[in-house]
Asker: 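Shown below is the structure under consideration.
Nothing fancy with the numbering, it's 1 onward along the sequence.
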Amino acid sequence: MSLAQLHYTSAPQGPDGPDGPDGPDGPDGPGSRFTAVTPGIPRSLLREAEPLLGYEPPHDAPEHPGPAELAAFPQAFSHTLLSDGTRLLARAVRTGANGGGPAGSHTHAVLLPGDAGLPGGGLPISAWNSSRWASAAPAGGSPAQLEALPPSGLLGREALVGFAASRGPWLPGFLASLRELTEEASGPRDGERAARIVLVERDSADVALWIALACAVLPRDRADLLTFTTYTRRPRDARQRIVGVLPGDAPEPDGRDHHCRVHDCTSPVPVPVPAEQTPTDIWAGIASRVWLGRAPELFTEAAALPGGVFSPGALAVVALLADLAPGPDGRTAAADWAQTHARALGDARLSRLVEAFQTGAEDRTTAEFAALTRLFTALPDHLGQRLAAGLAPELRAGVADSGPGIARPVELLRVADVLGVDCADLLPGLAHRLARSLLAAPEAADAPDLLAVLEEHFELRTALLSALDALAAEDPPAAVRLLGRTSLALTGVQALPHLRMCAGAPWTPAAGGGDGNGLAALHAALRACGVSPFTDPLVLRTAVRLVWDGGAPAPGEARRLLSETGSDAHRAAGTWRTLVRAALDGPAEAPADTATGVDDADAAALAHDLLRCFPDELEPRVRGALLLLEFAGEIGAGRAGPPWTERVLALRAEAEPVEPAVLARVFGTLTRRLLSEERPEGELYALIHCGEPELLTAYATAAQEERVRDRLRTAPGYAADCFIAWSSLPGANRAWDRTRTSLLDKVLRPAVRAFSDEDTASVERGLERAGLHRAEEFRAWNRPGALSRLSRRLGGLGRPR
């Protein structure tokens, strides 16, 4: 077969230059024309070919290049499909100045029939830099048909694998674009708005290598028809499918023009594209590994297998058989392909493939294991057993993996079940890890794989529930969250007391129900768990946490709880600490008995019980605080002998830092008793002389309570007693002077001013019995407008001692 030739130039026409068939000027401007054409080519074909034969130099090219600069110009080597099916193969180069004028260009082209390739069977790209390409028109203007275009040898196998290695980062993206381009079903013809690959390289020879690499991947018929150009200034207008440009002419890969898939190989790394715009192309990834593995012959081998040219599974299979690693996605594709097409491999290759799958892989994914499971079901028994035995160590290691997450171990356990790999000894550890993961991330409990494996594995379900029950005892709120959103049922014969309590939560006391509702909720929780706290004290701890949610019961509830359960269960469960908190962290102000002024006795009684029941567990500071509460209870009940104030302050020193609620209770109880007329002799003076600001403040606060004010207004004898107390020892210390002055002026004076004459006289008679000077001091203090020396002294203005 011979090829018709065309020569086209943009050099100025010389005196002896032949005119082309279309006249002296072509579409590239004055002087552009055909300079030699093989006879017999239709004029219509020449008109269609002419726009494809021009050469536009780079934008920064010198106008008068020297020899070295001419050699650096890019070559526009192109293969284009014409409207009648003929293909135009052309090489355009920059040529030197003619007669001292500006440099021009020369294009030498041949026409290939639509149903035949180059003489000798070569692909169009193989003619890159062929020795038969001319840089000037032959004499005579009518060249004979060309008999051959021998390849230059520059695009051989070694050149291609070396080039692929140098372009490794760009290979997957280019091959993915090539597959998309080739698989376009009914795309537009060349010359219309067809999709194209744009390769940005600094040397057109590198673009030729990319094209040769693409042709090596494609089947022969598709490679023969692949259109391309190694150089153009206008990639968006090009008629070819693969287009080479210099960096300055590259279109922006901004995603707006889906017709141009731009691969800039001059950038340091490939430009990243959002994953949602470029889903993973498994075939391209495997094909890249084949090139980097220096085995391009595998593309031909894979094309002979079922599944099509771009089947990732077929390519991955031949790569595995050639001892190339196609990666986890590739192995997954190979397993799925082999499941369907095992017979196409034959016994020997299928056996070798199973052996390749048996080789351990640290990057093996659960998707690959699932594919291998499907392959296992399609293999003959002896090969299936070999595959299972080879994968067993990996599967067992994956099930035993203690890394984060639960999905992979669960999935691998299901794979192990199908392959018959025994993992029974790993189930307790897996159950424990699953339990911890589920409590940390309850949303994972409804994962389909987990629910399925629990249905399939009674032993795992049993172990998981037991592990969850044990962990629920440590963190009941986490178990409540898990059971509140999962379909995990607690049916069966297992006790699971902690989980059952958590499943029934909340066990909170009724709102506003007062003391005692907490105990009712606790009793309900313990009934739900089905286990007695005497048998398993830890259920008591779980119930206490669920009912009081990290807080503590009221002192009365705590005392009854201790009485009902006994100290041993609380000691074993650790809930004695909650009882201590109930005593020490209760309300700062407890209700008071209006008749006696005694604080609620529950906290003091609880403190007494705790001191008796847990003598070895209480640390010294806590013991001191409980002793304070206990002593306050004895004071309030009238059982405590003196000294009161000295004892309270001594116990306080042992209990520092004392909880505010404890201090408020103790000081409140002590000062209310010191305001009574039955206080022990000397306790008031102990209070005065201690000078303790907080205690004196508590005394002043108690003196201003309504019960004290009521008694002052109705009991003249009590008013006399308070006058004696509050006018005692002026100047003892500044804290006492401030306290008594405030009480005389703000508490006693308003009550006395409201007395009748009879009540006032009754106060004076009571003071006379205490000593005539007391009555005189009272009259002087109570005289309206009197500011005598005595009045000033009683008012606290005397010099402090």
Side-chain angles (χ1 to χ4, degrees), residues 5-12 14 17 28-29 31-33 35-36 52-79 88-110 122 124-139 143 146 149-156 158-160 162-163 166-167 198-213 228-235 238 240 242-250 264-266:
Q5 300 185 66
L6 303 87
H7 289 266
Y8 186 84
T9 185
S10 62
D28 290 328
S32 298
R33 66 197 183 282
T35 54
L52 303 171
L53 299 177
Y55 181 92
E56 188 174 2
H59 64 88
D60 56 353
E63 186 176 355
H64 300 280
E69 292 171 317
L70 278 175
F73 272 79
Q75 293 186 32
F77 182 57
S78 62
H79 178 226
L88 180 70
L89 185 64
R91 189 194 73 150
V93 294
R94 194 67 164 160
T95 57
N98 185 2
S105 65
H106 180 83
T107 304
H108 183 191
V110 296
I125 190 61
S126 69
W128 163 265
N129 252 8
S130 173
S131 59
R132 299 299 300 273
W133 292 117
S135 297
L146 192 65
L149 266 176
S152 66
L154 298 177
L155 305 181
E158 292 304 311
L160 289 182
F163 178 75
S166 72
R167 296 297 191 272
V198 178
L199 294 165
V200 186
E201 290 279 7
R202 292 186 176 87
D203 192 334
S204 55
D206 291 331
V207 178
L209 284 164
W210 274 117
I211 297 166
L213 187 148
F228 57 79
T229 179
T230 60
Y231 167 71
T232 180
R233 286 290 309 279
R234 307 180 189 281
Q240 298 84 8
I242 298 182
V243 177
V245 297
L246 297 179
D249 297 320
D264 187 352
C265 306
T266 65

Asker: Look only at the side chain of Thr95 and the backbone of Gly104, and say whether a donor-acceptor pair between them is shorter than 3.5 Å.
Answerer: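 Looks like yes, one N/O pair under 3.5 Å.
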Asker: Tell me every residue that passes side-chain hydrogen bond (donor to acceptor under 3.5 Å, both in side chains) with Arg202, counting only those two or more places apart in sequence or in another chain.
Answerer: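 Here no residue qualifies.
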Asker: Taking only residues two or more places apart in sequence, or in another chain, which ones meet Asn129 in a side-chain contact (heavy atoms from CB on, under 4.5 Å)?
Answerer: Gln75, Arg91, Ser152, Leu154
Asker: Quick one: closest heavy-atom pair of Ala212 and Ile125, and the distance?
Answerer: N-CG1, 3.9 Å
Asker: Verify, without hydrogens or angle tests, whether His108 (side chain) and Trp133 (backbone) share a donor-acceptor contact under 3.5 angstrom.
Answerer: no
Asker: Mind telling me whether Phe163 and Trp210 have parallel, tilted or perpendicular rings, with 30° and 60° as the class edges?
Answerer: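 Plane angle over 60°, so perpendicular.
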Asker: Do side-chain atoms of Thr230 reach the backbone of Phe77 as a donor and acceptor pair under 3.5 angstrom?
Answerer: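 Here the side-chain-to-backbone pair exists.
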Asker: Return the minimal non-hydrogen interatomic distance between Thr266 and Pro247, and the atom names on each side.
Answerer: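 In this case the closest contact between Thr266 and Pro247 is CG2-CG, 3.8 Å.
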Asker: Going by side-chain contact (heavy atoms from CB on, under 4.5 Å), name the residues that satisfy it together with Ala136, two or more places apart in sequence or in a different chain.
Answerer: none
Asker: Please check: side-chain N/O of Thr107 versus main-chain N/O of Leu53, any donor-acceptor pairing under 3.5 Å?
Answerer: yes
Asker: Sequence neighbours excluded, which residues qualify as side-chain contact (heavy atoms from CB on, under 4.5 Å) partners of Ala137?
Answerer: His7, Thr35, Ala36, His106
Asker: Considering all heavy atoms of both residues, which atom of Val243 and which atom of Ala238 are nearest to each other, and what is their separation?
Answerer: CG2-CB, 3.7 Å
Asker: Quick check: do Leu88 and His79 have side-chain heavy atoms less than 4.5 Å from each other?
Answerer: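 They are not in contact (no side-chain heavy atoms under 4.5 Å apart), so the answer is no.
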Asker: Examine distances only and state if a side-chain atom of Ser10 and a backbone atom of Ser32 form a donor-acceptor pair shorter than 3.5 Å.
Answerer: no
Asker: Partners of Asp206 by salt bridge (Lys or Arg N to Asp or Glu O under 4.0 Å), sequence neighbours excluded?
Answerer: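 Asp206 satisfies salt bridge (Lys or Arg N to Asp or Glu O under 4.0 Å) with Arg167 only.
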Asker: Of the non-hydrogen atoms in Val207 and Glu201, which two are nearest, and what is the gap between them?
Answerer: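 That would be CG2-CB, 3.9 Å.
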Asker: Give me the atom names and distance for the closest heavy-atom approach of Val198 to Val245.
Answerer: CG1-CG2, 3.8 Å
Asker: Which heavy atom of Gln240 sits nearest to which heavy atom of Ser78, and what is that distance?
Answerer: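 So the two residues come closest at NE2-CB, 4.1 Å.
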Asker: Only counting residues at least two apart or in another chain, list the ones meeting side-chain contact (heavy atoms from CB on, under 4.5 Å) with Pro58.
Answerer: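 Pro58 satisfies side-chain contact (heavy atoms from CB on, under 4.5 Å) with Tyr55, Asp60, Ala61, Phe73, Pro74, Tyr231, Leu246 once adjacent residues are dropped.
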